[in-house]
Amino acid sequence: MLSIHPAAEKDMPLLSEMIHEFAKFEKLSAVVTASDLARDGCGTDPKFRALLAEWDGKLAGYAFFFGYYSTFEGRPAIFLEDIYVRREFRGKGIGQALMARVAAIAKQENCFGMRWEVLDWNTPAIDFYRNMGATFLDAWKNMVLKEEPFETLAGESD
């Protein structure tokens, strides 16, 4: 059967392993280590939270999320960075259960909702989210600033 629990420091090697699996599935690279996750996800000021899903005692998937604040809504929300279910456990309702658990946490924390991203080629995930009632923000474009341009801009503040 399914059990879901918050990731603890001892779980960071397994979480790192699954993040790398997920990155490979999404045809992306991941450099995160268990040490990175322990540093940033544990202690007095965690930068993220994660839930681990187990099916009959076997690690089946995870949800990785953190809070943000919407100036327009005037309330916090949760950004779901990753939701991943290992291939052999798909079709058992684990993804839905992880999404529901994150939504319950958001509601308990008086959040107005949840937000996440999905790659445009991942039609099974797109269908999953549509069936859940998610709205796609087609007018919004995601942006990222990193590496040299990020370092240059940050240096302008000195």
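On a predicted model such as this, the values are computed, not experimentally measured, just so you know.
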Exercise. Taking it one step at a time, do M12 and T33 satisfy side-chain contact (heavy atoms from CB on, under 4.5 Å)?
Worked result: CA-CA 8 Å; M12 295 305 145; T33 66; over 6 Å; no
Exercise. Given the rule in the side-chain contact (heavy atoms from CB on, under 4.5 Å) test, do N122 and F25 qualify, once you have shown the distances and angles that lead to the verdict?
Worked result: CA-CA 10 Å; N122 192 346; F25 168 78; 3.7 Å; yes
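Contact of the N142 side chain with the E117 side chain is registered, since non-hydrogen atoms from C-beta on lie closer than 4.5 Å. Side chains of F112 and K107 form no contact here, defined as non-hydrogen atoms less than 4.5 Å apart. Between M132 and Q96, some side-chain heavy-atom pair lies under the 4.5 Å cut-off. The shortest side-chain heavy-atom distance between R115 and I78 does not fall under the 4.5 Å cut-off. The closest side-chain heavy-atom distance from E88 to W55 is not below 4.5 Å. Between R39 and K47, the closest side-chain pair of non-hydrogen atoms is not below 4.5 Å.
The cationic atom of R130 (NZ for Lys, CZ for Arg) lies less than 6.0 Å from the six-membered ring centre of F136 and within 45° of the ring axis.
A continuous path of Ile, Leu, Val, Met, Phe, Trp and Tyr side chains, each step under 4.5 Å between heavy atoms, connects L51 with I83, placing both in one hydrophobic cluster. Follow the hydrophobic side-chain contacts under 4.5 Å out from I19 and you reach L119 in the same cluster. Criterion: ILVMFWY side-chain heavy atoms under 4.5 Å apart, direct or through other members. Under it, I105 and M99 are part of a common hydrophobic cluster. Hydrophobic clustering (side-chain heavy atoms under 4.5 Å, transitive across Ile, Leu, Val, Met, Phe, Trp, Tyr) groups V102 together with V85. By the criterion of side-chain heavy atoms lying less than 4.5 angstrom apart, applied directly or through intervening Ile, Leu, Val, Met, Phe, Trp or Tyr residues, L80 is grouped together with F128 in one hydrophobic cluster.
Scanning both residues, G113 and A77, for their nearest heavy atoms gives O-CB, 3.3 Å. Heavy-atom minimum distance, A23 versus S29: CB-C, 4.1 Å. Heavy-atom minimum distance, C111 versus R75: O-NH2, 3.0 Å. Residues V32 and H20 approach most closely at O-NE2, 2.7 Å, considering heavy atoms.
Using a cutoff of 4.0 Å between basic side-chain nitrogens and carboxylate oxygens, R86 and E17 are scored as salt-bridged. For R49 and E109, the salt-bridge test passes: some basic side-chain N is under 4.0 Å from an acidic carboxylate O.
Shown here is E148, whose CD atom has no more than 12 heavy atoms of other residues, nucleotides or ligands within 6.0 Å. Heavy atoms from other residues, nucleotides or ligands lying under 6.0 Å from CH2 of W140 number 12 at most.
Once rounded to the nearest 0.5 Å, the distance linking CZ of F48 with CG of L15 reads 6.0 Å. Taking CZ of F79 as the reference point, atom CZ of F66 lies at 5.5 Å (rounded to 0.5 Å). For the atom pair CG (D82) and CD (E26), the distance works out to 7.0 Å, reported to the nearest 0.5 Å. Distance check: N131 CG to I126 CD1 gives 12.0 Å after rounding to the nearest 0.5 Å. Atom CZ of F65 is separated from atom CZ of R101 by 10.0 Å, given to the nearest 0.5 angstrom. Atom CG in D36 sits 8.0 Å away from atom OG in S16 (nearest 0.5 Å).
A distance-only check finds no donor-acceptor pair linking the side chain of D40 to the backbone of L37 [under 3.5 Å].
Residues W116 and Y129 place their aromatic rings such that the two centres sit under 6.0 Å apart.
Aromatic ring orientation, Y62 versus F64: perpendicular (interplanar angle above 60°, classes split at 30° and 60°).
With sequence neighbours left out, F150 forms a side-chain contact (heavy atoms from CB on, under 4.5 Å) with L145. A53 meets the side-chain contact (heavy atoms from CB on, under 4.5 Å) test with L2, I4, I94, L98; sequence neighbours excluded.
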